[in-house]
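Just the heavy atoms: all of them, side chains too, but no hydrogens, waters or symmetry mates, feed the values below.
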Amino acid sequence: MHSRSSRILGLAALAAGLGLTATRVSAQEATFHLPFAAHWGRMVLESGDYKLSAPVGESGSNLIYVSRPGHSNMVLAQSSELQPRHLDRSSLELVNVNGAYFVKRYRSALTGQVFTFPVPKATLKTEMASAAVTSVPVVEKR
């Protein structure tokens with residue numbers, strides 16, 4: 001009886017330890033410098049340096065955490081997909097819509113995840129100008 005309860009406690013401790021380990025590595029962290037103001041979801045980011053955190057390997061989790069000293073925000077991606085890790089670098093893709101920049105995608109070379117975010121439609125007059133995508137490099141921690 002004593003042996004059985006010791007085994008159960010040992011297994012519970014092992015499971016808890018594995019759970020804590022998984023929690024620590026379950027979010028990728030990255031940094032980026034935004035050279036201009038941009039909209040990301042419902043927030044407006046001023047130019048400057050930011051930290052980004054995204055869940056890794058959690059199916060259905062489309063949350064991205066963006067922060068800079070004194071400010072922290074969550075952004076909900078419209079969709080996310082896992083692509084083969086053939087991306088050569090991580091980046092944010094921004095589009096200019098009616099004179100304002102919007103984050104359209106976050107591509108992670110480290111995990112192969114691609115997060116897509118909703119952007120407003122351009123007016124007919126500016127539609128051609130909004131077709132260009134501006135790429136901002138993202139530095140991921142390994």
Side-chain angles (χ1 to χ4, degrees), residues 3-142:
S3 160
R4 184 174 181 204
S5 60
S6 295
R7 199 173 331 152
I8 291 172
L9 285 174
L11 288 173
L14 177 64
L18 290 174
L20 290 176
T21 303
T23 301
R24 263 186 270 142
V25 296
S26 65
Q28 82 188 62
E29 294 185 12
T31 58
F32 64 94
H33 176 78
L34 199 57
F36 42 75
H39 298 263
W40 196 347
R42 293 184 178 180
M43 66 181 160
V44 177
L45 302 177
E46 297 301 322
S47 64
D49 296 320
Y50 289 87
K51 289 184 180 180
L52 179 147
S53 179
V56 175
E58 294 180 26
S59 62
S61 182
N62 291 342
L63 284 178
I64 302 288
Y65 301 92
V66 180
S67 63
R68 75 186 296 180
H71 300 283
S72 184
N73 293 297
M74 283 187 314
V75 184
L76 182 62
Q78 185 174 14
S79 65
S80 68
E81 61 181 294
L82 201 55
Q83 293 186 341
R85 294 186 187 184
H86 67 279
L87 300 172
D88 58 343
R89 65 185 181 99
S90 301
S91 64
L92 291 177
E93 292 179 4
L94 295 99
V95 293
N96 184 326
V97 179
N98 301 330
Y101 283 95
F102 291 83
V103 175
K104 184 175 183 173
R105 277 192 194 87
Y106 165 46
R107 296 179 181 272
S108 170
L110 184 63
T111 65
Q113 285 181 290
V114 177
F115 296 90
T116 303
F117 303 92
V119 296
K121 294 196 183 284
T123 60
L124 187 57
K125 182 178 177 181
T126 60
E127 195 167 336
M128 293 304 286
S130 355
V133 173
T134 301
S135 183
V136 172
V138 173
V139 178
E140 296 176 319
K141 296 180 184 178
R142 295 191 184 265

Measure across [X] and [Y] and return the closest heavy-atom pair with its distance rounded to 0.1 Å.
X      : Y      : result
Arg89  : Ser135 : NH2-OG, 3.3 Å
Leu110 : Lys141 : CD2-O, 3.4 Å
Ser80  : Asn62  : OG-OD1, 2.7 Å
Gly48  : Arg68  : CA-NH2, 3.9 Å
Asn98  : Lys121 : ND2-O, 3.8 Å
Leu45  : Phe32  : CD1-CZ, 4.4 Å

Filter on salt bridge (charged side-chain N to carboxylate O under 4.0 Å, His left out), then keep only pairs touching residues 39-55, sequence neighbours left out; what's left?
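Output for this query is empty, none listed.
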What residue pairs, at least two apart or across chains, pass salt bridge (charged side-chain N to carboxylate O under 4.0 Å, His left out) with a residue in residues 107-117?
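For residues 107-117: Glu93-Arg107.
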Please enumerate all residues that pass side-chain hydrogen bond (donor to acceptor under 3.5 Å, both in side chains) together with [X], with sequence neighbours excluded.
X      : result
Thr116 : none
His71  : none
Ser53  : none

Under the ring-ring contact (aromatic ring centres under 6.0 Å, His included) test, residues paired with Tyr65 that sit two or more places apart:
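ring-ring contact (aromatic ring centres under 6.0 Å, His included) list for Tyr65, sorted by chain: empty.
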Minimum side-chain heavy-atom gap [X]-[Y] below 4.5 Å:
X     : Y     : result
Leu34 : Leu94 : yes
Val75 : Leu63 : no
Val97 : His39 : no
Trp40 : Leu92 : yes

Check whether more than 12 heavy atoms from other residues, nucleotides or ligands sit under 6.0 Å from atom CE of Met43, and answer yes or no.
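Yes - once you tally the heavy atoms of other residues, nucleotides and ligands closer than 6.0 Å, there are more than 12.
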Worked verdict on Asn96 versus Thr134 for side-chain contact (heavy atoms from CB on, under 4.5 Å):
CA-CA 8 Å; Asn96 184 326; Thr134 301; over 6 Å; no
Side chain to side chain contact (heavy atoms under 4.5 Å, CB included) with Val136: which of Pro35, Ser91, Ser90?
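Per the side chain to side chain contact (heavy atoms under 4.5 Å, CB included) rule, the option paired with Val136 is Pro35, out of Pro35, Ser91, Ser90.
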Parallel, tilted or perpendicular: rings of Phe115 and Tyr106 (30°, 60°)
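Plane angle under 30°, so parallel.
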